[in-house]
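Worksheet: one structure, shown below.
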There are 2 protein chains.
Amino acid sequence: MLTLLSRADEMMTSNSESMAQTRETGTLGKLMVLLDLVTHAEAPLRFTDILARAGQPRGTLHRQLSHLVEEGLLELDGDGRYAPGLRLLDFAARSWARNEFRLIAEPHLAELQQATGETVHLGVLRGQSIIYLDKVDGRQPVRMYSQIGNASPCYCTGVGKAALSLLPPDLLADLLAGINFTSFTASTHASGESLLAEIREIADQGYAFDREEHEAGIRCVAAPVWSQDRTFIGGISITGPAYRLSMELLRQWAVPVQLAAGRIMEGMRIRLGPRR
Amino acid sequence: MLTLLSRADEMMTSNSESMAQTRETGTLGKLMVLLDLVTHAEAPLRFTDILARAGQPRGTLHRQLSHLVEEGLLELDGDGRYAPGLRLLDFAARSWARNEFRLIAEPHLAELQQATGETVHLGVLRGQSIIYLDKVDGRQPVRMYSQIGNASPCYCTGVGKAALSLLPPDLLADLLAGINFTSFTASTHASGESLLAEIREIADQGYAFDREEHEAGIRCVAAPVWSQDRTFIGGISITGPAYRLSMELLRQWAVPVQLAAGRIMEGMRIRLGPRR
DNA sequence: TCAATTTGTTCCATTATATGGAACTTAATT
DNA sequence: AATTAAGTTCCATATAATGGAACAAATTGA
């Protein structure tokens, strides 16, 4: 299941990139493909595994991997298997700790969690994925690393659909066209048309639902959040089990979610100036 | 303070690398320098800021940054400032979630936390830094992203000194020679000689203390942990405020910490086979 | 045990990519 | 408006990546 998600997500990402531009990143681009391969794998990969999937000549691949290992982006264990390097953790810890969007949103997420008692998420759109920047659940405001940073599809999450509703029509159309719709549950959108219709509705009303579209038994209500410079286009959501969160209750929570979203954007205006 | 630490750490890292090898990583190496620059900065950097620090010609730097942005490793906001890219989060979330060493250690860390009531850390040596892989504190086993992944100096942390005690003399000497000793408190080791003496002692007794060497008022007791293939050389520790953790108490805890370390290594032998 | 095979590593002439100086455009400052 | 600084683009040159092949090491099978 997790594996399936990762694969699907990987495909989508590469689709969108190959579509969007001529992919002219040269050396770095090739190395990133390898990094993707290794970090998306369920287990450390041997040289031959990577060779089969990367489509590079042996000599070339060997040197590329060596460089990645030298830089600490990959690690080679005693059995000759490649795993993600711990230097990635260091990079991520820094980028997370200092992310302005997250810092500003933090107190408002906590407040929303207090008010509802359910789990609150903050995510932003990157390509066709939602990357979760923060999560507040249970008793105290606490971060579970395993969830933060994870990329999820935009077309079947509340935060994702809320984010899409902020895009101008042309960008939205391009993005939708590149999506490879995977049906996670019976209610997952299976085509751009049905998704587009809902996104228009979301744009009108200002909030979005996830009606068990990504995971059976899980619902959420989300509201869009954006920075004025469009660096961050995302959303916040309240998520929980369907047995506890009736659609009626979610409709009631649409207002507080939108209010919290508004306060986050207000906070950004104050902290970052009117431009952003 | 944080900035100082980051800088020092950065310097140390590049020292060790230039010492260890001829730094032959070509294109990737140059790009990583830029990534380091941006992720270590306290705030997003403008082009000119990076230009001043990177020592690259304008045209070159511009293209390098563009490539990093295209790959999602950096992000360029509306004000022309470069910040770490969110793709780093995705990479890190994956490498963390699947890290075998951490997965195996997890229950033993929780157990140690239960037994002592204090915060428990797991860290591994990478270059001259300790990278924290996990942390268990307070009531339930919970991850605070802001601490996990952070790199700390090896010469003034319990986990760091425990890890160093596992190195063969020649490697240890090389590593110590490259350290730029920064005095965080009055008790921080200020030279390789004094540190080496303590490390020998630690190697004999099998556990290490941090006597408020990294942060005033914070003590810890640590024990070394390693995988047999030497992929992971690190340690686990119990950390807490000096007023609560007398040196006497820490000495008592040396035994349970060592036992937990032993169980972790036992777990690795079982899960990963005798080789590692 | 030795051959056969698979897997991993090194080498080097060729090719592709990055480089960096300068010209150019745009924005900020006086 | 003039001046300076900041950011972007261009292209001949220098550098680094490529990939085929030869080599070495580890595994498998007879």
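In this text the structure is predicted, and so the values were computed from the model without any measurement. Each chain gets a letter, A, B and so on, in the order the sequences are listed, and its residues count up from 1.
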Give the C-alpha distance, both sets of side-chain angles, the deciding distance and a yes or no for side chain to side chain contact (heavy atoms under 4.5 Å, CB included) between A:Y82 and A:E75. CA-CA 6 Å; A:Y82 291 87; A:E75 300 191 353; over 6 Å; no
Output, in order, the C-alpha distance, side-chain angles, deciding distance and verdict of side chain to side chain contact (heavy atoms under 4.5 Å, CB included) for B:N99 and A:L89. CA-CA 11 Å; B:N99 184 283; A:L89 275 191; over 6 Å; no
Verdict with reasoning, A:R63 to A:T60, per side chain to side chain contact (heavy atoms under 4.5 Å, CB included): CA-CA 5 Å; A:R63 186 184 24 76; A:T60 301; 3.8 Å; yes
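Comparing D:dT8, C:dT9, D:dT18 by their closest approach to the side chain of A:F47 singles out C:dT9. Checking D:dT8, D:dT18, C:dT19 against the side-chain heavy atoms of B:Y82 singles out D:dT8 as nearest.
Residue side chain A:R58 does not reach the base of D:dG20 through any donor-acceptor N/O pair under 3.5 Å, judged by distance alone.
When the side-chain nitrogen and oxygen atoms of A:H62 are compared with OP1 and OP2 of C:dG8, none of them lie within a distance under 4.0 Å. B:R46 has no side-chain polar atom (N or O) that falls below the 4.0 Å cut-off from OP1 or OP2 of D:dA6. For D:dG19, one of the phosphate oxygens OP1 or OP2 lies less than 4.0 angstrom from a side-chain nitrogen or oxygen of A:Q56. Residue A:K30 has no polar side-chain atom (N or O) positioned under 4.0 Å from OP1 or OP2 of C:dA16. The phosphate of D:dT18 (OP1 or OP2) has no side-chain N or O of A:T60 nearer than 4.0 angstrom.
Between A:I50 atom CD1 and C:dT6 atom C1' there is a gap of 17 Å when expressed in whole angstrom units. We find that CD of A:Q64 is positioned 15 Å from P of C:dA16, with the value rounded to whole Å. Rounding to whole angstrom units, CG of residue A:D77 and P of C:dG8 are separated by 12 Å. When the C1' atom of C:dG8 is taken as reference, atom CG of A:L45 falls 16 Å away, rounded to whole Å. Whole-Å rounding puts the A:H67 NE2 to D:dA17 C1' distance at 9 Å. For the pair B:L61 CG and C:dG21 C1', the interatomic distance rounds to 15 Å; values are reported in whole Å. In this structure, the CG atom of B:L65 is 14 Å from the P atom of C:dA18, given to the nearest Å. Taking atom CG on A:L51 and atom P on C:dT9, their separation rounds to 12 Å, with Å as the unit.
Ionic pairing of A:E42 and B:R98 is not present here: no N-O contact between side-chain nitrogen and carboxylate oxygen is shorter than 4.0 angstrom. Between B:D36 and B:R53 there is no salt bridge, since no side-chain N of the basic residue sits under 4.0 Å from a carboxylate O of the acidic one.
Using a 4.0 Å heavy-atom cutoff across all strands shown, B:T48 reaches sugar-phosphate atoms only and no base atom.
Comparing A:D49 and B:T27 along DNA chain C, the residue whose closest nucleotide (by nearest heavy atom) sits nearer the 5' end is A:D49.
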